[in-house]
Amino acid sequence: MNNNTLDFSQEEFSQILERASSMILEKYANLDAIKGFNVNSQEEVESWFDEPLPRSGKDSFELLDEVKTKVFDSATGNLGMNMYAYVMSGGNQISTVAELLLSTVNQNNTKWHLAPAMTEIEKRVIKWAAEMIDYTPNAGGAMVSGGSEANLAGLTVARNIFFKKFDIKRNGLFGMKPFMVYCSNETHNCTDKSLSLLGIGTNQLRRIGTNIDLTINTEALEKQIEADIASGFMPFCVVGNAGTVNTGAIDDLTALADIAKKYEMWFHVDGAYGGLASALSSIKHKYAGLERADSIALDFHKWLYQPFEIGCVLVQDWGKMRETYYKEADYLATELQTNANARLEFNEHYFQLSRNAKAFKAWMSVKAYGFDRIREMIQKDIDLTNYLIKLVEESTDFELKSKADLAVACFRYKGNLTDNEAISELNQKLIPALESDGRVFITSTKLNGEFVLRACIINHRKTKTSIEYLLDTIRDVASKL
C-alpha cells in the first residue's frame with residue numbers, strides 16, 4: 001500500500017479485485033444451493049461484529065475471507081430461487097458490474113458539470129421509463145431509493161404544485177383547513193408515512209374499503225369525498241394502486257382519473273410493485289388510465305431486476321419538479337457555466353444535493369438485455385405464479401386465498417384440518433418454523449383479517465421446479481409441527 005494515499009499498488013489492487021470476483025463467481029455458480037434464509041441467531045450475528053474501532057489496517061485478503069464467511073455466506077437468499085418474502089427480484093449480473101464501475105468513477109449526480117454523462121443517462125432512463133409504461137414523453141422525474149421514496153416524492157410534488165396558489169413552500173400549512181387524501185385499505189403504508197412527513201397528517205388519509213377483488217370501491221370513494229366536502233374539508237389527492245403489495249390488485253385507474261378530474265384533485269399512482277407490468281400485452285388493459293396520472297411511483301429493484309436501491313418518480317413534466325424543489329443558492333449558481341440553459345441540474349429538480357448515479361445500472365441493464373427480454377422475464381414470473389396457483393388449487397392440503405394479475409399469491413396450508421381456527425393457528429406456527437428451517441423464505445400477511453401465507457415471485461431465475469420445491473418444503477416443515 002502507498003503510504004501517501006489509501007491506494008494499493010496496481011498489482012495488489014488487481015489481486016484484490018480478482019479475489020472479490022472469484023467470490024462473486026462462486027455465488028453465481030451455486031445458485032441452486034442458496035437457501036432462502038440462513039439460520040443464525042441475532043446474538044450470534046451481533047457477536048461477529050462486536051469489536052472496538054480498528055486502529056490499524058487488516059490484510060485485505062484476510063478481510064475478504066471474513067466478508068465471505070460473515071456476510072456472503074450468511075446473506076438472506078435474495079439472489080437464489082428460494083426467496084418468496086416481500087418483493088425481492090434477485091438483481092442481475094450486468095448491474096453487479098455497473099455498481100463496481102459506478103463506485104469507481106464516484107460521480108455526484110447533482111449538477112450537470114459534476115456528472116455530465118450520468119446526468120444525461122438519468123434523463124434518458126426517465127424517458128425510457130415513461131415509454132415502458134406509455135406515460136407522457138414529456139415526463140420529468142428522478143431516481144430515488146425505492147418505491148417508498150418515489151411515493152413520497154410524488155406526493156411532495158402534488159402538495160407543492162396543487163397548493164402553490166397559497167405559496168405553501170414559504171407559508172407551510174399553517175392556517176389552512178384540512179385537505180384530504182384518499183386511497184384503498186390495501187395501499188402501501190408508505191402513503192401514511194409520506195403524509196406524516198409532509199405535515200398533512202394521517203388523520204387526513206381516508207382509507208376506502210375494497211371490492212371482492214381487493215381493488216378500491218369507487219362508489220364508496222365518491223361518497224366519502226362528498227361527505228368531506230359537506231364537512232368543509234378540501235379533497236386534495238387520490239392514490240391509485242397499480243398492483244398492491246398484498247395481492248397485486250390493480251385499481252380501476254380510469255375511474256379514479258375520472259373522479260380526480262371531477263373533484264379537481266391530484267391523481268397519484270403507486271406503481272412501485274406492478275407499474276412496469278403494464279408493458280405486458282397480456283394485462284395492459286388492466287392499466288388503462290395510468291397515462292392520466294399526475295405523478296407515478298415506480299420501483300426498479302422489483303421488475304427491472306435491479307439490485308438495491310433504485311426507485312423512480314415520474315411527473316407530467318420537468319417544470320413541476322423544478323417548481324417543487326428549486327431553491328436559489330449562491331454556491332449552486334449556474335449562469336456562468338458554458339451552455340447553462342441546456343443543462344438539466346438535478347439539484348434544482350430534487351431534494352438531494354449529494355446523490356449517486358442510480359440510473360447507470362438501469363441504463364446498462366436495458367442496453368445489455370433489451371427491454372423486450374426483460375418484459376419476457378416479467379411475463380415468466382406471472383406465469384410461474386399462475387403455476388403455483390394451479391398447484392395449490394389442485395392439492396388437497398393447501399387452499400388458495402387470493403388470485404391476482406401479477407406475481408403474488410396468498411394461500412394457506414391446511415393438511416387434514418377442517419377447523420378454520422386450527423388452520424390459522426397452524427399457519428402462524430409455520431412462518432417461524434420455515435424461517436428456522438431456512439430452505440425457503442416466505443412471509444405472511446392478512447387478507448380481510450385472515451392470516452395467510454404470501455408468496456411473491458419476482459425473480460428471473462425461478463423455474464417450475466423451484467415452485468414445486470416451495471410447496472414440498474412447506475409440507476415437510478408442517479409435518480414436523
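Within the model, atoms OG1 of T156 and NE2 of H268 stand 9.5 Å from one another, a figure rounded to the nearest 0.5 Å. For the atom pair CG (D381) and CG (N459), the distance works out to 7.0 Å, reported to the nearest 0.5 Å.
Side-chain contact annotation: N241 with D270, donor-acceptor N/O pair under 3.5 Å absent. T210 and S184 share no donor-acceptor pair across their side chains, judged by distance under 3.5 Å alone. In this model, a donor atom of one side chain and an acceptor atom of the other lie less than 3.5 Å apart for Q306 and S365. A donor atom on one side chain and an acceptor atom on the other are not found under 3.5 Å apart for D258 and Y263. Side-chain atoms of H188 and N246 form no donor-acceptor pair, as typed in the model, at a separation below 3.5 Å. For the 3.5 Å distance criterion, the side chains of Q224 and D228 qualify, holding a donor opposite an acceptor. Judged by distance alone, the side chains of S278 and D134 never bring a donor and an acceptor atom under 3.5 Å apart. E12 and S9 are linked by a side-chain donor-acceptor pair at a separation below 3.5 angstrom, with hydrogens and angles left out of the test. Defined by atom type and a distance below 3.5 Å, a donor-acceptor pair is present between the side-chain atoms of Q379 and S282. Judged by distance alone, the side chains of W112 and E120 do bring a donor and an acceptor atom under 3.5 Å apart.
No cation-pi contact links K169 to Y326, judged by a cut-off of 6.0 Å to the six-membered ring centre and 45° from its axis.
The existence of a salt bridge linking E62 and K58 is excluded, since no basic side-chain nitrogen approaches an acidic carboxylate oxygen closer than 4.0 Å. Between D372 and R375 there is a salt bridge, since at least one side-chain N of the basic residue sits less than 4.0 Å from a carboxylate O of the acidic one. Between D167 and R170, at least one side-chain N (NZ, or NE/NH1/NH2) sits under 4.0 Å from a carboxylate O, which counts as a salt bridge. Classification of R355 and E122 as a salt-bridged pair holds, one side-chain N sitting under 4.0 Å from a carboxylate O. K320 and E323 are not joined by a salt bridge, as no carboxylate oxygen comes within less than 4.0 angstrom of a charged side-chain nitrogen. The pair K68-D73 counts as a salt bridge, with a side-chain nitrogen and a carboxylate oxygen less than 4.0 angstrom apart.
In the displayed structure, K446 atom NZ is contacted under 6.0 Å by at most 12 heavy atoms of other residues, nucleotides or ligands. The neighbour count for E376 CD, taken as heavy atoms of other residues, nucleotides or ligands under 6.0 Å away, is above 12. Annotation: F13, atom CZ; neighbour count of heavy atoms from other residues, nucleotides and ligands within 6.0 Å does not exceed 12. Heavy-atom contacts from other residues, nucleotides or ligands closer than 6.0 Å to CD of E264 number 12 or fewer. More than 12 heavy atoms of other shown residues, nucleotides or ligands fall within 6.0 angstrom of atom CD in Q42. Summarising the local packing, CZ of F174 is surrounded by 12 or fewer heavy atoms from other residues, nucleotides or ligands at distances under 6.0 Å.
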Worked check of side chain to side chain contact (heavy atoms under 4.5 Å, CB included) between L63 and D59: CA-CA 6 Å; L63 177 58; D59 177 81; over 6 Å; no

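Between H349 and W318, the ring planes lie perpendicular to each other; the angle is over 60°, past the 30° to 60° tilted range. Classified by interplanar angle (parallel below 30°, tilted 30° to 60°, perpendicular above 60°), the ring pair W303/Y273 is parallel. Using the six-membered ring where Trp is involved, Y86 and F441 have ring planes that are perpendicular, over 60° apart on the 30 and 60° scheme.
The six-membered or imidazole ring of F163 lies near that of F179, with a centre-to-centre distance under 6.0 Å. Two rings, from Y325 and Y350, have their centers less than 6.0 Å apart.
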